[in-house]
There are 2 protein chains.
Amino acid sequence: MTSHPTANEVYDMVRKRLPRIGLGTVYRNLELMSESGIILKLEVGGTQKRFDATVESHYHIRCSVCGKVDDIDIEVQEEINETAAKSSNYKILGHHIEFSGICDDCQAEEQKLH
Amino acid sequence: MTSHPTANEVYDMVRKRLPRIGLGTVYRNLELMSESGIILKLEVGGTQKRFDATVESHYHIRCSVCGKVDDIDIEVQEEINETAAKSSNYKILGHHIEFSGICDDCQAEEQKLH
DNA sequence: ATAATGTATGATAATTTTTATTAAACTTTA
DNA sequence: TAAAGTTTAATAAAAATTATCATACATTAT
(Lines give C-alpha, C1' and ligand atoms only; values in the text may rest on other atoms or scores of the structure.)
Protein backbone atom coordinates (compact mmCIF):
# COMPACT_ATOMS: atom_id res chain seq x y z
CA MET A 1 0.00 0.00 0.00
CA THR A 2 1.05 3.58 -0.56
CA SER A 3 -0.32 5.10 2.65
CA HIS A 4 1.76 5.32 5.78
CA PRO A 5 -0.31 3.66 8.47
CA THR A 6 0.38 3.61 12.18
CA ALA A 7 0.59 0.26 13.97
CA ASN A 8 -3.01 0.72 15.10
CA GLU A 9 -4.21 1.44 11.58
CA VAL A 10 -2.45 -1.71 10.34
CA TYR A 11 -4.11 -3.60 13.19
CA ASP A 12 -7.55 -2.34 12.10
CA MET A 13 -6.88 -3.36 8.48
CA VAL A 14 -5.49 -6.79 9.30
CA ARG A 15 -8.32 -7.51 11.72
CA LYS A 16 -10.80 -7.42 8.85
CA ARG A 17 -9.12 -10.56 7.50
CA LEU A 18 -7.84 -12.08 10.74
CA PRO A 19 -10.32 -11.00 13.38
CA ARG A 20 -8.53 -12.77 16.23
CA ILE A 21 -5.07 -11.22 15.64
CA GLY A 22 -3.57 -9.28 18.54
CA LEU A 23 -2.06 -5.80 18.47
CA GLY A 24 1.18 -7.23 19.87
CA THR A 25 1.54 -9.50 16.86
CA VAL A 26 1.15 -6.50 14.58
CA TYR A 27 3.82 -4.54 16.44
CA ARG A 28 6.17 -7.53 16.55
CA ASN A 29 5.91 -8.25 12.82
CA LEU A 30 6.14 -4.60 11.77
CA GLU A 31 9.31 -4.41 13.87
CA LEU A 32 10.74 -7.61 12.32
CA MET A 33 9.88 -6.43 8.83
CA SER A 34 11.52 -3.05 9.35
CA GLU A 35 14.62 -4.70 10.85
CA SER A 36 14.99 -6.95 7.84
CA GLY A 37 14.43 -4.06 5.42
CA ILE A 38 11.12 -5.18 3.90
CA ILE A 39 9.41 -2.01 5.13
CA LEU A 40 10.46 1.31 6.67
CA LYS A 41 9.67 2.52 10.15
CA LEU A 42 9.07 6.27 9.94
CA GLU A 43 9.88 8.35 12.96
CA VAL A 44 8.09 11.44 11.73
CA GLY A 45 6.31 14.14 13.70
CA GLY A 46 3.27 13.29 15.75
CA THR A 47 2.93 10.84 18.56
CA GLN A 48 2.88 7.57 16.63
CA LYS A 49 5.38 5.78 14.46
CA ARG A 50 4.30 5.07 10.88
CA PHE A 51 5.22 2.33 8.47
CA ASP A 52 6.10 2.61 4.80
CA ALA A 53 6.03 -0.14 2.19
CA THR A 54 8.40 1.82 -0.07
CA VAL A 55 11.96 1.22 1.11
CA GLU A 56 13.72 3.27 -1.57
CA SER A 57 14.98 6.62 -0.27
CA HIS A 58 12.30 9.30 -0.54
CA TYR A 59 10.82 12.18 1.43
CA HIS A 60 7.56 12.78 3.25
CA ILE A 61 5.03 15.45 4.03
CA ARG A 62 2.88 15.49 7.11
CA CYS A 63 -0.42 17.34 7.38
CA SER A 64 -0.29 19.72 10.32
CA VAL A 65 -4.06 19.45 10.71
CA CYS A 66 -4.92 15.73 10.49
CA GLY A 67 -1.45 14.20 10.85
CA LYS A 68 -1.65 12.21 7.62
CA VAL A 69 1.71 11.40 6.01
CA ASP A 70 2.27 11.23 2.24
CA ASP A 71 5.26 10.75 -0.03
CA ILE A 72 6.79 13.81 -1.65
CA ASP A 73 8.10 12.94 -5.07
CA ILE A 74 11.13 15.20 -5.44
CA GLU A 75 14.69 14.28 -6.23
CA VAL A 76 16.71 12.84 -3.34
CA GLN A 77 19.60 15.14 -2.48
CA GLU A 78 22.53 12.75 -2.44
CA GLU A 79 25.13 15.49 -2.08
CA ILE A 80 23.70 16.96 1.10
CA ASN A 81 25.30 14.24 3.22
CA GLU A 82 28.78 15.35 2.16
CA THR A 83 27.88 18.97 2.85
CA ALA A 84 26.77 17.98 6.33
CA ALA A 85 29.89 15.87 6.89
CA LYS A 86 32.05 18.96 6.35
CA SER A 87 30.39 20.96 9.10
CA SER A 88 30.02 18.20 11.66
CA ASN A 89 32.17 15.67 13.49
CA TYR A 90 29.47 13.03 13.20
CA LYS A 91 29.94 10.13 10.81
CA ILE A 92 26.97 10.83 8.54
CA LEU A 93 24.80 7.84 7.71
CA GLY A 94 21.89 9.49 5.92
CA HIS A 95 19.17 12.09 6.05
CA HIS A 96 15.45 12.48 5.81
CA ILE A 97 13.37 15.49 4.85
CA GLU A 98 9.94 15.98 6.35
CA PHE A 99 7.76 18.72 4.92
CA SER A 100 4.84 20.10 6.84
CA GLY A 101 1.74 21.39 5.17
CA ILE A 102 -2.02 21.12 4.85
CA CYS A 103 -3.46 18.25 2.80
CA ASP A 104 -6.20 18.86 0.21
CA ASP A 105 -8.86 17.29 2.45
CA CYS A 106 -8.05 19.66 5.30
CA GLN A 107 -7.78 22.63 2.91
CA ALA A 108 -11.31 21.81 1.73
CA GLU A 109 -12.48 21.56 5.36
CA GLU A 110 -11.04 25.01 5.98
CA GLN A 111 -12.93 26.45 2.99
CA LYS A 112 -16.22 25.06 4.28
CA LEU A 113 -15.86 27.13 7.45
CA HIS A 114 -15.84 30.44 5.50
CA MET B 1 21.69 26.25 26.04
CA THR B 2 22.79 24.65 22.79
CA SER B 3 21.84 21.05 23.58
CA HIS B 4 18.42 19.63 22.75
CA PRO B 5 17.13 18.18 25.98
CA THR B 6 14.04 16.04 26.45
CA ALA B 7 11.40 17.16 28.94
CA ASN B 8 12.89 14.76 31.47
CA GLU B 9 16.39 16.14 30.98
CA VAL B 10 15.07 19.67 31.48
CA TYR B 11 13.34 18.43 34.62
CA ASP B 12 16.62 17.03 35.97
CA MET B 13 18.43 20.29 35.25
CA VAL B 14 15.76 22.54 36.71
CA ARG B 15 15.46 20.38 39.82
CA LYS B 16 19.03 21.28 40.80
CA ARG B 17 17.84 24.86 41.31
CA LEU B 18 14.21 24.23 42.25
CA PRO B 19 14.18 20.85 43.97
CA ARG B 20 10.42 20.89 44.59
CA ILE B 21 9.34 21.53 40.98
CA GLY B 22 7.10 18.90 39.35
CA LEU B 23 7.56 17.22 35.97
CA GLY B 24 4.11 18.46 34.96
CA THR B 25 5.20 22.05 35.45
CA VAL B 26 8.16 21.43 33.14
CA TYR B 27 5.95 19.90 30.45
CA ARG B 28 3.37 22.70 30.78
CA ASN B 29 5.90 25.50 30.48
CA LEU B 30 7.89 23.90 27.66
CA GLU B 31 4.58 23.58 25.82
CA LEU B 32 3.63 27.20 26.52
CA MET B 33 7.07 28.42 25.47
CA SER B 34 6.99 26.48 22.21
CA GLU B 35 3.45 27.72 21.48
CA SER B 36 4.55 31.31 21.94
CA GLY B 37 7.67 30.78 19.83
CA ILE B 38 10.31 31.29 22.52
CA ILE B 39 11.64 27.76 21.96
CA LEU B 40 11.14 24.97 19.42
CA LYS B 41 9.59 21.60 20.06
CA LEU B 42 11.48 19.06 17.95
CA GLU B 43 9.63 16.01 16.74
CA VAL B 44 12.72 14.12 15.71
CA GLY B 45 13.36 10.40 15.68
CA GLY B 46 13.41 8.47 18.91
CA THR B 47 10.70 8.09 21.49
CA GLN B 48 10.84 11.47 23.21
CA LYS B 49 10.26 15.02 22.03
CA ARG B 50 13.18 17.41 22.39
CA PHE B 51 13.37 21.14 22.93
CA ASP B 52 15.57 23.68 21.20
CA ALA B 53 16.47 27.16 22.41
CA THR B 54 17.37 28.27 18.86
CA VAL B 55 14.18 29.25 17.04
CA GLU B 56 15.79 30.31 13.77
CA SER B 57 15.35 27.71 11.00
CA HIS B 58 18.12 25.14 11.07
CA TYR B 59 18.68 21.40 10.73
CA HIS B 60 19.56 18.59 13.10
CA ILE B 61 21.53 15.41 13.34
CA ARG B 62 20.65 12.54 15.59
CA CYS B 63 23.12 9.91 16.79
CA SER B 64 21.84 6.45 15.88
CA VAL B 65 23.70 4.97 18.83
CA CYS B 66 22.99 7.22 21.83
CA GLY B 67 20.08 9.27 20.45
CA LYS B 68 21.75 12.64 21.09
CA VAL B 69 20.57 15.48 18.86
CA ASP B 70 22.86 18.30 17.64
CA ASP B 71 22.51 21.21 15.25
CA ILE B 72 23.91 20.84 11.74
CA ASP B 73 25.22 24.16 10.53
CA ILE B 74 24.52 24.06 6.78
CA GLU B 75 22.61 26.51 4.66
CA VAL B 76 18.81 26.31 4.91
CA GLN B 77 17.32 25.31 1.56
CA GLU B 78 14.65 27.93 1.08
CA GLU B 79 13.85 26.88 -2.48
CA ILE B 80 13.01 23.27 -1.63
CA ASN B 81 9.54 24.26 -0.44
CA GLU B 82 8.62 25.52 -3.91
CA THR B 83 10.03 22.36 -5.48
CA ALA B 84 7.84 20.31 -3.16
CA ALA B 85 4.80 22.50 -3.85
CA LYS B 86 5.03 21.65 -7.55
CA SER B 87 4.82 17.90 -6.97
CA SER B 88 2.17 17.87 -4.26
CA ASN B 89 -1.33 19.14 -3.66
CA TYR B 90 -0.51 20.05 -0.08
CA LYS B 91 -0.18 23.69 0.89
CA ILE B 92 3.48 23.62 1.96
CA LEU B 93 4.26 25.30 5.27
CA GLY B 94 7.89 24.33 5.79
CA HIS B 95 10.38 21.52 6.04
CA HIS B 96 12.93 20.03 8.35
CA ILE B 97 15.99 17.93 7.59
CA GLU B 98 17.15 15.35 10.08
CA PHE B 99 20.48 13.68 9.47
CA SER B 100 21.37 10.43 11.12
CA GLY B 101 24.90 9.53 12.06
CA ILE B 102 27.27 8.53 14.81
CA CYS B 103 28.52 11.20 17.20
CA ASP B 104 32.20 11.48 18.09
CA ASP B 105 31.62 10.05 21.57
CA CYS B 106 30.00 6.93 20.14
CA GLN B 107 32.66 6.67 17.41
CA ALA B 108 35.30 6.68 20.16
CA GLU B 109 33.33 4.00 22.06
CA GLU B 110 33.33 1.87 18.92
CA GLN B 111 37.12 2.24 18.59
CA LYS B 112 37.63 1.08 22.16
CA LEU B 113 35.99 -2.25 21.33
CA HIS B 114 38.63 -3.04 18.68
C1' DA C 1 1.86 -41.60 11.72
C1' DT C 2 3.34 -39.54 15.71
C1' DA C 3 6.41 -37.85 19.12
C1' DA C 4 9.71 -34.19 19.96
C1' DT C 5 11.30 -29.82 19.20
C1' DG C 6 11.02 -25.14 17.70
C1' DT C 7 8.48 -20.88 16.56
C1' DA C 8 4.71 -17.56 16.46
C1' DT C 9 0.58 -16.13 18.57
C1' DG C 10 -3.09 -13.90 21.49
C1' DA C 11 -3.88 -12.28 25.85
C1' DT C 12 -2.33 -9.61 29.19
C1' DA C 13 0.73 -6.93 32.04
C1' DA C 14 4.20 -3.59 32.40
C1' DT C 15 6.70 0.45 30.81
C1' DT C 16 7.39 4.84 28.88
C1' DT C 17 6.01 9.33 27.61
C1' DT C 18 2.74 12.82 27.77
C1' DT C 19 -1.51 15.12 29.13
C1' DA C 20 -5.33 16.13 32.37
C1' DT C 21 -7.16 17.12 36.98
C1' DT C 22 -7.35 19.49 41.19
C1' DA C 23 -6.74 21.44 45.68
C1' DA C 24 -3.49 24.42 47.56
C1' DA C 25 0.03 28.09 47.21
C1' DC C 26 1.26 32.23 45.29
C1' DT C 27 0.27 36.94 42.75
C1' DT C 28 -2.16 40.62 41.36
C1' DT C 29 -5.82 43.74 41.66
C1' DA C 30 -9.41 46.11 44.05
C1' DT D 1 -6.08 43.30 53.16
C1' DA D 2 -9.75 40.90 51.02
C1' DA D 3 -11.13 39.08 46.62
C1' DA D 4 -10.09 37.31 42.23
C1' DG D 5 -7.01 35.27 39.15
C1' DT D 6 -2.96 32.34 38.04
C1' DT D 7 0.50 28.82 38.63
C1' DT D 8 2.02 24.99 41.00
C1' DA D 9 3.02 20.20 42.86
C1' DA D 10 1.01 16.01 43.29
C1' DT D 11 -1.43 12.73 41.35
C1' DA D 12 -4.20 10.24 38.13
C1' DA D 13 -5.22 9.13 33.53
C1' DA D 14 -4.31 8.44 28.73
C1' DA D 15 -1.73 6.96 24.74
C1' DA D 16 1.78 4.27 22.56
C1' DT D 17 4.88 0.68 22.79
C1' DT D 18 7.30 -3.30 24.61
C1' DA D 19 7.69 -7.51 27.45
C1' DT D 20 5.99 -11.89 29.33
C1' DC D 21 4.19 -16.32 28.89
C1' DA D 22 1.24 -20.27 28.37
C1' DT D 23 -0.76 -22.15 24.45
C1' DA D 24 -1.46 -23.08 19.54
C1' DC D 25 0.69 -24.09 15.43
C1' DA D 26 4.40 -25.79 12.35
C1' DT D 27 8.47 -28.45 11.36
C1' DT D 28 11.52 -32.14 11.83
C1' DA D 29 12.94 -36.60 13.38
C1' DT D 30 11.69 -41.07 14.50
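Order of the sequence lines sets the chain letters (A, B, ...), proteins ahead of strands, with each chain counted from 1.
- Note: CD (Glu9(B)) to C1' (dT17(C)) measures 13 Å, nearest angstrom.
- With sequence neighbours excluded, the residues that form a side chain to side chain donor-acceptor pair (under 3.5 Å) with Lys41(A) are Glu31(A).
- Interatomic distance, CD1 of Ile97(A) versus CD1 of Ile97(B), reported as 4.0 Å (0.5 Å rounding).
- Side-chain atoms of Val44(B) and Glu43(A), non-hydrogen and from C-beta on, never get closer than 4.5 Å to each other.
- Interatomic distance, CE of Met1(A) versus CD of Glu9(A), reported as 9.5 Å (0.5 Å rounding).
- Helix bend of the helix from dA1(C)-dT30(D) to dA30(C)-dT1(D): the angle between its two end axes, each built from five pairs, comes to 10° after rounding to 10°.
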Which donor-acceptor pairs under 3.5 Å do side chains of residues 61-72 of chain A form with protein atoms, sequence neighbours excluded?
from	atom 1	to	atom 2	distance (Å)
Arg62(A)	NE	Gly45(A)	O	3.0
Ser64(A)	OG	Gly101(A)	O	3.3
Asp70(A)	OD2	Tyr90(B)	OH	2.9
Asp71(A)	OD1	His4(A)	NE2	2.8
Asp71(A)	OD1	His58(A)	NE2	3.0
Asp71(A)	OD1	His60(A)	NE2	3.3

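- Shown here are the side chain to side chain donor-acceptor pair (under 3.5 Å) partners of Tyr59(B), two or more places apart in sequence or in another chain: His95(B).
- The nearest whole Å value for the distance from the CZ atom in Arg15(A) to the P atom in dA11(C) is 11 Å.
- In terms of heavy-atom proximity, Asn89(B) sits nearest to Gln107(A) at O-NE2, 3.2 Å.
- In this structure Lys112(A) satisfies the salt bridge (charged side-chain N to carboxylate O under 4.0 Å, His left out) test together with Glu109(A), sequence neighbours excluded.
- When the P atom of dT6(D) is taken as reference, atom CG of Leu32(B) falls 13 Å away, rounded to whole Å.
- Here the P atom of nucleotide dT18(C) and the CD atom of Glu35(B) are 15 Å apart, to the nearest Å.
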Quick one, give me the B/S/- string for nucleotides 9-22 of chain D, reading 5' to 3', where B means a protein heavy atom under 4.0 Å from the base and S means that only happens at the primed atoms, P, OP1 or OP2. BS-----SBB----
